[in-house]
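Taking it in order: structure first as structure tokens, then the write-up.
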Amino acid sequence: MSTIKERESLVAEQAAKMGKSIYTDNDVKLTEQRLPMQKESPKLTSLEDAIRYSGLKDGMTISFHHHFRGGDKVVNMVVDKLAEMGFKNLHLAASSLQDVHAPLIEHVKNGVITKISTSGLRGALANEISRGLMDEPVVFRSHGGRGSAIANGDLHIDVAFIGASSSDPLGNACGYSRSENAKSICGSLGYALPDARYADKVVILTDDLVDYPNTPNSISEHDVDYVVEVESVGDSSKIASGAIRDTKNPRDILLAQQAAKVIVNSGYFNDGFSIQTGSGGASLAAVKFLRDSMIEKGIKASFALGGITSHMVKLHQEGLIDRLIDVQSFDKVAAESIKSDPMHKEVSACEYASADEPGSAVHYLDIVILSALEADVNFNVNVLVGSDGIIRGAIGGHPDTAADSALSIIVCPLVRGRIPCVVDEVTTLITPGSTVDVIVTEYGIAVNPRRPELAERLKEAGLKVVDINWLRDKALSIIGNPAPLPFGDKVVGVVMNRDGSVMDVIKNIEEKKD
């Protein structure tokens with residue numbers, strides 16, 4: 001057996017070969033009572049210090065998620081602090097921006113934010129950007145496209161700021177809480193998960209700091225650099241607002257009924273089918289009308305995908321939907337369900353709708369029901385720019401689900417007010433007509449000529465199938481030809497296809513002259 005000196009010599013020789021130092025046992029282990037985790041975590045800090053420690057510099061990219069939708073408080077809180085600290089020329093990459101983010105207008109004007117990437121814009125911020133607020137155009141991506149861009153490095157995030165309903169001091173975080181002190185529940189954090197995985201630095205903000213370990217969790221401490229406890233990250237009551245509120249509009253209810261009839265008679269309404277409903281009252285309401293047909297025919301769905309609502313949860317609890325795959329919880333019922341139901345699965349934006357992800361759920365989706373601001377005679381769809389030329393919506397998962405589903409159904413009224421919704425050419429191309437199968441209006445149902453077998457099934461079922469050109473003409477006969485929009489020459493938005501190519505551009509809208 002070798003002596004101690006021989007062993008030390010061999011250790012020194014091997015360490016030199018490997019370029020490593022030699023271990024010395026000079027540290028004394030403390031045996032006193034340890035401090036509570038909340039006191040000793042090296043990650044727990046203030047927002048200002050988290051920003052400072054992150055290494056954020058002018059010109060870098062910061063990211064946010066929109067799971068609190070109209071109730072979000074994180075974006076404004078963080079950007080206000082960045083402005084206070086003197087940051088300039090930042091790229092704000094949010095999964096979506098809402099009415100509540102109007103304060104960003106001043107931060108654009110003062111140079112704190114000079115570039116924006118997002119899926120959607122609403123409210124005063126969208127209005128100002130549509131009129132030319134920013135020097136650089138906003139880059140719009142679908143949810144699946146954003147996930148792909150983050151994963152492949154096309155959208156590099158320097159610091160991600162993630163609002164979480166609960167977190168422990170090391171950063172195990174999620175969109176719900178098991179404590180009695182829960183303040184802000186949002187459910188799935190699917191749109192924040194790519195940010196957490198790929199960002200250089202990750203800062204968790206939470207209003208419910210819980211004991212370690214916070215399990216189960218959506219985001220692992222492995223991906224988190226700093227944890228900041230704040231007063232509030234969001235208002236849960238404002239998640240189900242705007243486009244995802246339950247509708248009581250008679251026209252929306254009629255459209256929902258018609259969409260349900262299309263599904264039932266499409267040939268895809270079979271035991272084990274899968275379904276997603278997009279935002280918009282009519283598309284969401286269609287689920288309620290499918291329920292009766294599912295019970296009557298003894299048909300169950302294998303899974304429901306996307307933004308999960310209380311209606312989906314109810315069907316799941318009744319045994320009509322086996323599993324829920326949730327990238328965004330659209331109301332508090334869905335947010336509570338994901339906390340306790342093992343068959344209610346949270347997925348990241350990449351797992352949800354990335355074209356590059358072989359296992360993404362949209363590749364296995366049978367039916368999707370989507371809304372539209374406009375559709376044209378070539379079945380192209382616009383969900384982003386309003387008939388007045390103002391950005392007022394979001395791409396969301398619209399092109400992702402339309403492209404990959406077996407049956408894509410668009411529901412939209414023929415006219416809104418004095419504006420036609422079926423037109424010669426959409427204002428902005430978001431979802432190509434080659435991926436759209438059916439357009440449902442209150443005046444009739446148009447089927448893409450690429451799907452003659454589908455048109456025959458619907459006709460045999462007694463549904464009113466009409467030519468898309470007839471719908472356009474009908475709309476014009478009701479309201480006449482609208483005046484052309486006063487677009488300027490400045491590009492204020494660039495629409496990316498889900499594969500990273502440029503789909504379309506959005507020009508600034510000018511004030512109408514007398």
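- Salt-bridge formation is not detected for the pair Lys5/Glu8: no Lys NZ or Arg NE/NH1/NH2 atom is positioned less than 4.0 Å from an Asp or Glu carboxylate oxygen.
- For His143 and Tyr352, the gap between ring centers reaches or exceeds 6.0 Å.
- Residues Asp195 and Ser63 bring a donor and an acceptor atom of their side chains to less than 3.5 Å of each other.
- Contact annotation: the side chain of Leu205 approaches that of Leu47 to within less than 4.5 Å [non-hydrogen atoms, C-beta and beyond].
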| said: Applying side-chain hydrogen bond (donor to acceptor under 3.5 Å, both in side chains) to Asp223 and Ser220, what does each step give before you reach the verdict? | reply: CA-CA 6 Å; Asp223 294 320; Ser220 168; 5.3 Å; no
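- In summary, the side chains of Ser337 and His344 do present a donor paired with an acceptor at a separation below 3.5 Å, with no hydrogens or angles considered.
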| task | Could you walk me through whether Glu346 and Ser218 pass the side-chain hydrogen bond (donor to acceptor under 3.5 Å, both in side chains) test, one step at a time? | result | CA-CA 8 Å; Glu346 178 181 34; Ser218 307; 2.6 Å; yes
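- Residue-environment remark: CG (Asn110) exceeds the threshold of 12 foreign heavy atoms within 6.0 Å.
- Under the 6.0 Å cut-off for aromatic ring centres, Phe273 and Tyr268 do not qualify, their centroids lying 6.0 Å or more apart.
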| request: For Asn172 and Asp168, run side-chain hydrogen bond (donor to acceptor under 3.5 Å, both in side chains): C-alpha distance rounded to whole Å, both residues' side-chain angles, the deciding distance at 0.1 Å, then the answer. | output: CA-CA 6 Å; Asn172 295 296; Asp168 63 35; 2.8 Å; yes
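- Arg141 has a carboxylate O that lies under 4.0 Å from a charged side-chain N of Asp154, or vice versa, which qualifies the two as a salt bridge.
- Judged purely by distance below 3.5 Å, without hydrogens or angles, the side chains of Ser148 and Ser354 pair a donor atom with an acceptor atom.
- With respect to the salt-bridge test (charged N to carboxylate O, under 4.0 angstrom), the residues Glu231 and Lys73 do not qualify.
- Asp341 places a side-chain heavy atom less than 4.5 Å from the side chain of His316.
- Contact annotation: the side chain of Ile325 never approaches that of Glu351 to less than 4.5 Å [non-hydrogen atoms, C-beta and beyond].
- Ion pair Glu336/Lys332 not flagged as a salt bridge, since none of the NZ, NE, NH1 or NH2 atoms sits closer than 4.0 Å to an Asp/Glu carboxylate oxygen.
- A salt bridge links Arg498 with Asp404: the distance from a Lys NZ or Arg NE/NH1/NH2 to an Asp or Glu carboxylate oxygen falls below 4.0 Å.
- Remark: the Ser408 side chain and the Asp437 side chain contain an N/O donor-acceptor pair separated by less than 3.5 Å.
- Considering all non-hydrogen atoms of both residues, Asp200 and Asp225 come closest at O-OD2, 3.9 Å.
- Residue-environment remark: NZ (Lys57) stays at or below the threshold of 12 foreign heavy atoms within 6.0 Å.
- With a 4.5 Å cut-off on side-chain heavy atoms, Arg69 and Asp235 do not count as touching.
- A pairwise comparison of heavy atoms in Asp99 and Arg122 identifies OD1-CB, 3.2 Å as the closest pair.
- When side chains are defined from C-beta on, Leu407 does not count as touching Val368, because their heavy atoms never get closer than 4.5 Å.
- The side-chain heavy atoms of Tyr191 and Leu189, taken from C-beta on, include no pair separated by under 4.5 Å.
- Residues Ile204 and Val228 fail the side-chain proximity criterion, which asks for heavy atoms closer than 4.5 Å.
- In the model, Ser142 has no side-chain atom that pairs as donor or acceptor with a side-chain atom of His398 under 3.5 Å.
- Atom NZ of Lys490 is surrounded by more than 12 heavy atoms from other residues, nucleotides or ligands within 6.0 Å.
- Of all heavy-atom pairs between Asn497 and Met503, the closest is OD1-CE, 3.4 Å.
- Between the CD atom of Glu229 and the CG atom of Asp207 there is a distance of 8.5 Å, given to the nearest 0.5 Å.
- Lys314 NZ: 12 or fewer foreign heavy atoms inside a 6.0 Å radius.
- Between Val383 and Ile395, the shortest heavy-atom distance links the atoms CG2-CA, 4.1 Å.
- Using a 4.5 Å cut-off on side-chain heavy atoms (C-beta onward), Pro137 and Val492 make no contact.
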